[in-house]
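Comments concern the structure below.
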Amino acid sequence: MPELPEVENARQVLEKALDRTITDVDDSDSYVCRPHRPGEIAKALVGGKLVAAHRRGKTMWCETVTADGDPGPHLGVHLGMGGRVRITGPGGAREGELAGGLPKKSAEEKQKDEWDRVTVSFDDGGSFRLFDKRRLGRVRLEPDLDALGPDAAEISRDDFRARVGRGTAPIKARLLDQSVLSGVGNLLADETLWQAKVDPHRPSGTFSEPELDELRRVLRKATRAAIKHGGVHTGEVIPHRQRDVACPRCGAPMERGTVGTRTTWWCSAEQA
DNA sequence: ACTCGTGTTAGCTG
DNA sequence: TCAGCTAACACGAG
């Protein structure tokens, strides 16, 4: 679920976990905490604090300090396909809603405790948890950011031209490649290409510089709007990713197919 | 019962 | 070596 806008939302919530002394870490889920052994993350963090929460693309990480106030390891957090950040306050009281996922379908959305895959407990009785039904999220020490391209919301015009405007794969696949630029997921890619009236199948190397500049402008606009409104599902075309639905702009049928291994929707008239 | 999926990545191929 | 593609991952939802 989480793409760049949801992760930015989650990062802001994660800031509520800063500057609280860590008393315990449950890192016993060795799949979510791979490649660490159980206890390894706990040993590195207990006694210290998280002091800053950063994000690049869909990856978050916290700076930490040790009990002595020296710089500690970075704590990487990735929400995967459906993870969310959950923060509790002193005494364990809930602090706001889960951050980073879909809007609630119903008021009584299930939140089983066993779906808290990693828990960082603080001396005030509160905690930070990675809530993730599917366990495709990750928590790890010293996450490697080298393989990530520039953040999709920050990438410069020249960088975008050079990184996106090459190769023979479909433009959609290029936008989804986190090493090219980071943060674009399946829905944000569809939204951006629809807004820009670009065929998702078109090879990325065939775009002119003005076309790339326009694509970047639309991507940044769609990304900012999604952050502001609470997620990619608030896009203009995303609600129209259904069978027998017309393009909300021109009325032509929306078409469905697979591009770059992912389910893709596009306007049969404007994005052909 | 069975298929799908808003993400990542190891491994294969040309 | 690299760009591009596929399967696998885990498990709930429809």
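So you know, we letter chains A, B, ... as the sequences are listed, proteins then strands, and number each from 1.
Sequence neighbours left out, the pairs with a member in residues 179-206 of chain A that pass ring-ring contact (aromatic ring centres under 6.0 Å, His included) are A/His201-A/Trp266.
Geometrically, A/Arg117 does not engage A/Phe131 in a cation-pi contact defined by less than 6.0 Å to the ring centre and at most 45° from the axis. Relative to the ring axis of A/Tyr31, A/Arg34 places its NZ or CZ within 45° and under 6.0 Å from the centre.
Listed nucleotides: C/dC11, B/dG5, B/dG7. Nearest to the side chain of A/Arg117: C/dC11.
A/Leu148 has its CG atom 12 Å from the C1' atom of B/dG7, to the nearest Å.
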Using the 3.5 Å cut-off, write out each protein N or O paired with an N or O of nucleotides 3-6 of chain C and the distance between them.
residue	atom	partner	partner atom	Å
C/dG4	OP1	A/Thr168	N	2.4
C/dG4	OP1	A/Thr168	OG1	3.1
C/dG4	OP1	A/Ala169	N	3.1
C/dG4	OP2	A/Arg174	NH1	3.2

Please enumerate all protein N or O atoms sitting under 3.5 Å from an N or O of nucleotides 8-14 of chain B, with distances to 0.1 Å.
residue	atom	partner	partner atom	Å
B/dT8	OP1	A/His78	NE2	2.7
B/dT8	OP2	A/Lys58	NZ	3.0

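Residues meeting the salt bridge (Lys or Arg N to Asp or Glu O under 4.0 Å) test with A/Asp26, sequence neighbours left out: none. In this structure A/Asp113 satisfies the side chain to side chain contact (heavy atoms under 4.5 Å, CB included) test together with A/Arg86, A/Asp116, sequence neighbours excluded.
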Checklist entry - Given Watson-Crick or G-U pairs with both distances under 3.5 Å, what dot-bracket string fits DNA chain B, with | for other-strand pairs and [ ] for crossing? => result .||||.||||||||

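Considering only heavy atoms from C-beta on, A/Val139 comes within 4.5 Å of A/Ile41 through its side chain.
The shortest distance between the side-chain N/O atoms of A/Arg134 and the OP1/OP2 oxygens of C/dG12 is not below 4.0 Å. Contact between the side-chain N/O atoms of A/Lys133 and the OP1/OP2 oxygens of C/dA10 is not found at any separation under 4.0 Å.
A continuous path of Ile, Leu, Val, Met, Phe, Trp and Tyr side chains, each step under 4.5 Å between heavy atoms, connects A/Leu45 with A/Met60, placing both in one hydrophobic cluster.
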